[in-house]
Amino acid sequence: MKSAARWFRRMFFGGGKELSALSGERIESPTRLLIKEFFSKKTAVVACVLLAGLFLFVFIAPLFIPLDINYTDPLQQNVAPGYDLRDVPKSLKKSVADVNGFADFTVGVSKEGKFFIWGNTKDRLHKTDLKKVPKAVKAEGVLGAAAGKDHIIAVTKTGKIVGWGDNSCGQYGSEEKLGALPMPAELAEGIDPANFSSIVCGYQVSALVLKDGKAYFWGNTNAVRNLEKVAFSKEVQAVAFTNSAAIVLKKDGGISTGDEEIFLSAISSKNGYQNNLASYLLGRKVEKIAADNKSVALLLEGNELVVSGAFENGEDELPRLKSGERLVDLAGGTRHFIGVTDKGRVYAWGHNAYGQCDVEKVKSSARVFAGAMQSYAVDGRGKLVKSLGLKGYLMGTDGRGRDVFARIVHGGKMTLTIGAVAVVISSLIAVVVGCLAGYFGGFIDTLLMRITEIFSSLPFLPFAMLLSQIIKNYNVSETMRIFIIMLILGALSWTGLARMIRGQILSEREKEFVLAARAIGVKESKIAFRHVLPNVVSVILVSMTLDFAGCLLTESSLSYLGFGVQQPKPTWGNMLSGSNSSIVIQRYWWQWLFPALFLSLAVICINVIGDALRDAFDPKKEE
């Protein structure tokens, strides 16, 4: 036992003091010399640190950065990197009259009638910037303003109706457009400022409500399917838009959707689930309405809250008011609602991935407003009390509104796992084949080398694409499909290493220690795998390191070409595939730059480490 411990110490930590004293020189183990040589190269040390950090990042960060692979949000698509989605201008914070947002930018109006805008205001596809506010809005001030998906409508203090942004679907102006309901011609000259009530925008649609009860609607009829049915409504109190419907609140407390059944089921804070909203509302008056992209919230007389549509939450998650409280204000974002009671207490429910419903941070409020994924609480004097929700995206979003940073984190875990497993599989095959062929020679060598030549003659990338395409025709789970891709990569990339190991074994088997092992009766298989193979481990380690980088590139190539891991499950390769468009490359640079940087960093670091290991293992290298 003592001799084994002594051998282990000398092998990995060098000779003891007694040996150093006898020889007059310090005796170091091969492992220590290897480590010393490797870490003497600064580039290798930097590469090691970066690669270790990258591995830790992609395997630990997913524990703290959740990802719903099926999540998409067309209202958050192609948002540039930055944290300005919640940056309320300082001048507005002290005098808030209105705040609203439907997509990735938000507009606000101060009590003095000044217009403000913040967030992702650049439309890179049409090369426009919504911050370029029309002169009339700047000069005259506004009575109200609203933000749609890609446009803004403002009503100036003189009654002019001004729109800017995208107008491809008739979002503003009386010009006739295919599939669009134009803005009524009678609004071209403006309105009586004293008759203005509210302006509301949705997904490429707009609505104007006047105090006399008239309401005007215009915009994309393909997006909001009942737009024409509610056009020119009368006795209107308020209007709200989901992504696909317009809801009108009448002055008598009734709800109209143009005789179209849009919401069939609902949740009541008092009576639970209801099968039919229209029949439930008979005899009940609605005081306030608000909408998110798929549902509508109705505040009924008697302090009853009803939410109808494809809502995010169940009955138990609707706000439970304290005794003596009643809701006095409601607002809806993209996937959440926020309300405030007459006691100043704020409640919120719905999607809370970005903290837009963390209203426990708000001590007291008089009014509430909502951006797409933000919540704003304002006191009785119009001062902003608190803003909650999404600040922005570190690396922007892709064409489906998904967070690029979160997908890089989870995609890196997938890419590196596939590469590592594929390398292990290919190395095991190469070690067995190369060691057997090199040591035993003869018929075994001939047979195994012919098999190796057959595999090496296969065109690697086309054959891998073919096998991956065959897998698509079978009903296998995504996890099994990924495992099969690992096997394919491993089974097709071992030939080079096998030849290299065979050549080294052919040299090693002729040395004296092999002859001595045979002379004392050691089994041939034991000599091959326990005595000869360890002498070529340096070649194997170096090759595995370099092959790892190759497998990363191969997996990314397959995913890029659509034959690897499929969307929506992310890898660095299929993220680059999703950016394979001249428009994305030119205008949405963050969607391809960041995945490419992470993949390049991993491959370069692995190659640098492999080169340093090769130099450290080579005793005959030139100094």
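Computed from a predicted structure; not experimentally measured.
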| said: If we ignore hydrogens and angles and just use 3.5 Å, is the side chain of Asn195 paired with the main-chain N or O of Asp212 as donor and acceptor? | reply: yes

| message | Between His410 (side chain only) and Ile65 (backbone N and O only), is there a donor and an acceptor less than 3.5 Å apart? | response | yes

| field | Glu304 and Ser268 side chains, donor-acceptor separation under 3.5 Å | value | yes

| Whether Ser95 side chain and Gly382 backbone form a donor-acceptor pair below 3.5 Å | no

| request: Consider only side-chain N and O atoms of Thr121 and Asp129, and report whether a donor and an acceptor are under 3.5 Å apart. | output: yes

| Close side-chain approach of Ile152 and Val107, heavy atoms under 4.5 Å | yes

| query | Excluding sequence neighbours, so at least two apart, what forms ring-ring contact (aromatic ring centres under 6.0 Å, His included) with Trp592? | reply | none

| Geometric cation-pi criterion Arg367 and Phe369, 6.0 Å radius, 45° cone | no

| field | Ring center gap for Phe115 and Trp164 short of 6.0 angstrom | value | yes

| Side chains of Tyr393 and Phe405: does their closest heavy-atom pair fall under 4.5 Å? | no

| remark: Residues Gly148 and Phe105: closest non-hydrogen pair is O-CZ, 3.5 Å

| request: Not counting sequence neighbours, which residues clear side-chain hydrogen bond (donor to acceptor under 3.5 Å, both in side chains) with Tyr71? List them please. | output: Asp73

| query | Applying salt bridge (charged side-chain N to carboxylate O under 4.0 Å, His left out), which residue pairs with at least one partner in residues 160-173 are found, sequence neighbours left out? | reply | Glu140-Lys160

| For Ala290 against Ala240, the heavy-atom pair lying closest together | C-CB, 4.4 Å

| Under 3.5 Å, side chain of Asn226 to main-chain N/O of Lys229, donor-acceptor pair present? | no

| task | For the residue pair Ser206 and His151, confirm or rule out a side-chain donor-acceptor distance under 3.5 Å. | result | yes

| request: State, without any angle test, whether Ser577 and Asn574 hold a side-chain donor-acceptor pair at a distance under 3.5 Å. | output: no

| Crowding at NZ, Lys177 (>12 non-hydrogen neighbours, <6.0 Å) | yes

| message | Quick one: does any side-chain atom of Lys386 pair with a main-chain N or O of Ser375 as donor and acceptor, under 3.5 Å? | response | no

| field | Shortest non-hydrogen contact from Pro595 toward Leu576 | value | CB-CD2, 4.0 Å

| message | Run the side-chain contact (heavy atoms from CB on, under 4.5 Å) test on Val296 and Phe241 for me, step by step, so that the C-alpha distance in whole Å, both residues' side-chain angles and the decisive distance to 0.1 Å come before the verdict. | response | CA-CA 9 Å; Val296 59; Phe241 286 113; over 6 Å; no

| So, Thr334 and His351: side-chain donor and acceptor under 3.5 Å apart, yes or no? | no

| query | Under 3.5 Å, side chain of Ser365 to main-chain N/O of Ala377, donor-acceptor pair present? | reply | no

| remark: Rounded to the nearest 0.5 angstrom, the CZ-CG distance for Arg225 and Leu227 is 12.0 Å

| task | Give a yes or no on this: more than 12 heavy atoms of other residues, nucleotides or ligands lie within 6.0 Å of atom NZ of Lys251. | result | yes

| task | Please say which of Val362, Val385, Thr341 ends up in a side-chain contact (heavy atoms from CB on, under 4.5 Å) with Val346. | result | Val362

| query | Hey, is the main chain of Val230 close enough, under 3.5 Å, to the side chain of Ser233 for a donor-acceptor pair? | reply | yes

| note | Closest non-hydrogen atoms of Ala180 and Cys169, given as atom of the first, atom of the second and distance, are CB-O, 3.3 Å

| note | Quick note, salt bridge (charged side-chain N to carboxylate O under 4.0 Å, His left out) partners involving residues 348-363, not counting sequence neighbours, are none

| field | Closest heavy-atom pair and its distance - Thr397, Gln77 | value | OG1-C, 3.6 Å

| query | Less than 4.5 Å apart, any side-chain heavy atom of Leu394 and any of Pro81? | reply | no

| Any side-chain heavy-atom pair of Asp398 and Asn78 under 4.5 Å | no

| request: First locate atom CH2 of Trp349, then atom CD1 of Ile267, and finally report the distance between them rounded to the nearest 0.5 Å. | output: 11.0 Å

| Would you say Leu208 and Leu187 make side-chain contact, with heavy atoms under 4.5 Å? | yes

| field | Minimum-distance pair of heavy atoms, taken over all atoms of Lys149 and Leu75 | value | CG-CD2, 3.5 Å

| message | Measuring only between side-chain heavy atoms, which start at C-beta, is Thr242 closer than 4.5 Å to Lys294? | response | no

Distance-only check: which donor-acceptor pairs under 3.5 Å involve side-chain atoms of residues 196-205, not counting sequence neighbours?
{"from": "Gln204", "atom 1": "OE1", "to": "Asn220", "atom 2": "ND2", "distance (Å)": "2.8"}
{"from": "Gln204", "atom 1": "NE2", "to": "Asp150", "atom 2": "OD2", "distance (Å)": "3.2"}

| query | Got a second to check how far Met373's CE is from Arg86's CZ, nearest 0.5 Å? | reply | 14.0 Å

| Residues in ring-ring contact (aromatic ring centres under 6.0 Å, His included) with Tyr588, at least two apart? | Trp590

| note | Rounding to 0.5 Å, atoms CG (Leu298) and CG (Leu300) come to a distance of 6.5 Å

| said: With a 6.0 Å cut-off (strictly less than), is the heavy-atom count around NZ of Lys250, excluding the residue itself, greater than 12? | reply: yes

| message | Between Ser308 and Ala266 (side chain of the first, backbone of the second, donor and acceptor by atom type, cut-off under 3.5 Å), is there such a pair? | response | no

| query | For Ile583, does the CD1 atom sit with more than 12 other heavy atoms under 6.0 Å from it, leaving out its own atoms? | reply | no

| request: Could you check if a side-chain atom of Val162 sits within less than 4.5 angstrom of a side-chain atom of Thr156, using non-hydrogen atoms only? | output: yes

| task | Taking atom NZ of Lys214 as the centre, report whether more than 12 heavy atoms of other residues, nucleotides or ligands fall under 6.0 Å from it. | result | no

| Any donor-acceptor pair under 3.5 Å linking the side chain of Thr221 with the backbone of Gly179? | yes

| task | Assess whether side-chain contact (heavy atoms from CB on, under 4.5 Å) is satisfied between Val340 and Val328, documenting all intermediate values. | result | CA-CA 6 Å; Val340 64; Val328 294; 4.0 Å; yes

| field | Candidate pair Trp572 and Val58, rule side-chain contact (heavy atoms from CB on, under 4.5 Å), full reasoning | value | CA-CA 12 Å; Trp572 291 340; Val58 300; 4.2 Å; yes

| query | When you check the gap from the basic side-chain N to the acidic O, do Arg345 and Glu325 get nearer than 4.0 Å? | reply | yes

| query | Would you call Glu287-Arg326 a salt bridge at under 4.0 Å N-O? | reply | yes

| So among Gln76, Met575, Arg407, which one has a side-chain contact (heavy atoms from CB on, under 4.5 Å) with Arg402? | Arg407

| request: Report, as yes or no, whether the 6.0 Å neighbourhood of atom CZ on Arg124 holds more than 12 heavy atoms from other residues, nucleotides or ligands. | output: yes

| query | Under 3.5 Å, is there a donor-acceptor pair between the side chain of Asn167 and the main chain of Gln171? | reply | yes

| task | Begin from the C-alpha positions of Phe217 and Val248 and carry the test side-chain contact (heavy atoms from CB on, under 4.5 Å) through to its verdict. | result | CA-CA 11 Å; Phe217 295 80; Val248 176; 3.8 Å; yes

| Between Gln374 and Ser387: side-chain donor-acceptor atoms closer than 3.5 Å | no

| field | Lys111 and Val96, any side-chain heavy atoms less than 4.5 Å apart | value | no

